[in-house]
Amino acid sequence: SSGINAEYGWIREMRAGNWVSTELRESEGEDRYNRAFMRLFSYITGSGNEEGSSVPMTSPVVVQLDLDENYQEVGGSMHFYLPAEYQEEYPTPSSQDVEIEEWDDVVLYYRAFGNQGKEVPHEVWDREFRNLAAAISESGLNYYWSRAITATFTQPGVGEQRYEAIYLAKRHHQSSYDGEEYSWEEARGYKECARFPDTAKPKAVEGICGKDAQCPEVEDLESESCGFGVRNIRAGRWVSTEILQSDGDMKYLHAFMRLFSYIRGENEESKEIDMTIPVITKTYLDREFEERWSSIHFYLPPEYHDNPPAPSNELVEIEEWVDTVTYYRTVGEYDEDTDVRALWDQEFKDLGDVLTEAGESFYPYMAVTATFTRPGYGDQRHEAIFLQWDEEE
C-alpha cells in the first residue's frame, strides 16, 4: 500500500478473492448486524454449510453500506474472507440468505483508528469518513461516495483494537495520462528560462481539465518572455472560506472540510455538487510580506453560476470573480517530506524575479497557489500565481 496523505488517509490494493456474504435485513431492525454476523459465523463453523466443514475465521469483518443522495443508509451487507485453501473449492451455504461472492482486484482508500469499548459510536464513524473523504478529494482523487465500508480487524472491547473506514477508488481518470506525449514546454504551459534546470515535469493542464475533473474557463495568453505563463481566468462563481488561525495546525484541513461539506450537500438545497480542479488558496500579505490572512476556494460548475445553493455554514460564502489575468509558474512534484513553505517561497521569489525582468506589472501582496493534483503521487501539477496589476485601477 502507499500513502495519499500521511496524516489523513492511505491507499491499499486488495487482490481478487472469494468472500462469504449476507444481506443486512432492514426487517431485523437494530439486531440486523448481530444476526448477519451469526449467519456467516454458522457458515464457517459448519452448521451453516452443506458439507459440515469448519472454515477458519479470518479478519477483517467487512460491512458495506449503500447510501442515497442524502448519505442515508438504504441497504448493506456483511462479509467474511475465505482462507486461501477454500478459494477454489468452498463449502456450499445451507441458507439461501448466505452466498459466496467473487470480488475483483480493487483499490481502497482507508483511515485506521482504535477504540475503547464494545461499540464504535456513530459519531466516530461519521468523523472518520468525513476526514477520509476530505483527504481523498484534497489529493485530487476520485472515489465512490455512495458506498461506505467498515472493516473490523479485532474483537470489539478486548485489548488493542483496529477499525478502518473505507471508500472504493475510481481509477479510470488516473491511469490514462501519458506524460511522454507532452514536451516540457507543453507540460509547463510556457518556455522556461535557461537558469532553471528541469526537475520534475508537471502534468499538463490538457491532461487534467475535462478528464480528471472540470476546471474554470481560461484563455491562455501569449508571452515572449521565459519563466512564466499568462492566462485569463474567466468570470465565474466560487465557494470560499477563510482559513482561521484559531484552528492551529488543522486550519487548512478545517477550511477544506467546510467547502467539501458544502459540495457534499451542506447547503440550503442539500444539493451535491461535483468536485472541481484546482483548489485555490489565497494568502494576503502586508507591506513586509508577512501573512495577514488567507482563504481557500472551489470553483463552481457553470450550471450553478446563476443560482448557486446558499451555504448552510456562516463561514462559507459564494463569491463572484471577474475576468482576471494571472501569471504562473508550475511545480511538478512534492510530497510529505518536502519543506512546502520553503518550496513556495522560492517559487514566488522566482516568479517575481522573472516578471520584473520581463517588465510585467503584478500585485505582490497576494500569493495564490493552485493544486491540480494530489501531492506526492503520480504526475503532479501545482502552480504559484500572481495577479496582473493595473496601477490605474
Side-chain angles (χ1 to χ4, degrees), residues 68-71 133-134 136-146 170 172-174 176-177 186 189 202-222 229-243 255-282 295-328 330 366 368-374 380-383 385-388:
D68 63 17
E69 62 274 11
N70 296 313
Y71 309 103
I136 297 168
S137 296
E138 189 177 30
S139 300
L141 299 172
N142 298 289
Y143 70 101
Y144 292 100
W145 61 266
S146 58
K170 289 184 179 180
H172 58 283
H173 291 317
Q174 299 298 323
S176 61
Y177 181 78
E186 290 169 336
K203 189 171 184 178
V205 168
E206 290 79 2
I208 300 172
C209 295
K211 296 178 181 175
D212 291 353
Q214 188 170 18
C215 298
E217 181 183 353
V218 302
E219 177 190 6
D220 290 315
L221 304 177
E222 294 292 331
V230 189
R231 68 166 67 101
N232 182 10
I233 302 176
R234 297 298 192 185
R237 294 290 187 102
W238 295 68
V239 60
S240 307
T241 190
E242 184 176 349
I243 297 170
F256 181 94
M257 277 301 302
R258 288 194 291 274
L259 300 188
F260 185 72
S261 295
Y262 170 84
I263 67 170
R264 282 288 299 268
E266 194 174 298
N267 54 68
E268 296 297 337
E269 299 176 25
S270 299
K271 182 82 70 175
E272 184 184 347
I273 300 170
D274 288 339
M275 183 73 187
T276 58
I277 293 174
V279 175
I280 295 288
T281 300
K282 295 181 177 180
S295 55
I296 191 169
H297 313 264
F298 292 0
Y299 175 70
L300 290 178
E303 59 265 32
Y304 297 101
H305 285 188
D306 291 335
N307 190 26
S312 304
N313 189 329
E314 64 181 7
L315 296 176
V316 176
E317 61 179 332
I318 305 298
E319 296 180 346
E320 184 171 359
W321 294 9
V322 299
D323 285 6
T324 304
V325 175
T326 62
Y327 304 108
Y328 67 92
T330 61
M366 182 195 296
V368 181
T369 64
T371 298
F372 287 80
T373 57
R374 168 189 153 199
Q380 299 178 47
R381 184 183 188 90
H382 316 280
E383 292 182 358
I385 298 171
F386 280 135
L387 276 55
Q388 188 180 71

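The shortest distance between side-chain heavy atoms of Val279 and Phe298 falls below 4.5 Å. The shortest side-chain heavy-atom distance between Thr371 and Pro278 does not fall under the 4.5 Å cut-off. Taking 4.5 Å as the limit, every side-chain heavy atom of Thr241 sits out of range of all side-chain heavy atoms of Tyr262. Inter-residue side-chain proximity for Arg381 and Thr330 is flagged as met; some heavy-atom pair is nearer than 4.5 Å. The shortest side-chain heavy-atom distance between Gln388 and Leu221 does not fall under the 4.5 Å cut-off. Between Ile273 and Pro309 the shortest side-chain heavy-atom distance falls below 4.5 Å.
The two atoms that bring Pro308 and His305 nearest to each other are CD-O, 3.8 Å, heavy atoms only. Closest approach of Glu217 and Tyr299 over heavy atoms only: N-OH, 4.3 Å. When all heavy atoms of Leu387 and Met366 are compared, the closest pair comes out as CD2-SD, 4.1 Å. The shortest heavy-atom contact between Ala134 and Phe260 is N-CE2, 4.2 Å. The two residues Val230 and Val325 come nearest to each other via the heavy atoms CG1-CG1, 3.9 Å. Nearest heavy-atom pair, Pro302 versus Gln214, reported as atom, atom and distance to 0.1 Å: CD-NE2, 3.2 Å.
In this structure, CD1 on Ile385 lies 13.0 Å from OH on Tyr327, to the nearest 0.5 angstrom. Taking OG1 from Thr373 and CD1 from Ile208, the interatomic distance works out to 5.5 Å, rounded to the nearest 0.5 Å. Between Tyr328 atom OH and Glu383 atom CD the span is 6.0 Å, to the nearest 0.5 Å. Distance CD1/Ile318 to CG/Asn267: 8.5 Å, rounded to 0.5 Å.
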Chi angles and distances behind the side-chain contact (heavy atoms from CB on, under 4.5 Å) call for Val205, Arg231: CA-CA 12 Å; Val205 168; Arg231 68 166 67 101; 4.0 Å; yes
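A donor-acceptor contact shorter than 3.5 Å is absent between the side chain of His382 and the backbone of Thr369. No donor-acceptor pair closer than 3.5 Å links the side chain of Arg258 to the backbone N or O of Ile243. The backbone N or O of Val322 lies less than 3.5 Å from a partner atom in the side chain of Thr324, making a donor-acceptor pair.
Here side chain to side chain donor-acceptor pair (under 3.5 Å) pairs that include residues 268-281, with residues two or more places apart or in two chains, are Trp145-Glu272. Counting only residues at least two apart or on different chains, the salt bridge (charged side-chain N to carboxylate O under 4.0 Å, His left out) pairs with a member in residues 311-322 are Arg237-Glu320.
Geometrically, Lys282 engages Trp321 in a cation-pi contact defined by less than 6.0 Å to the ring centre and at most 45° from the axis.
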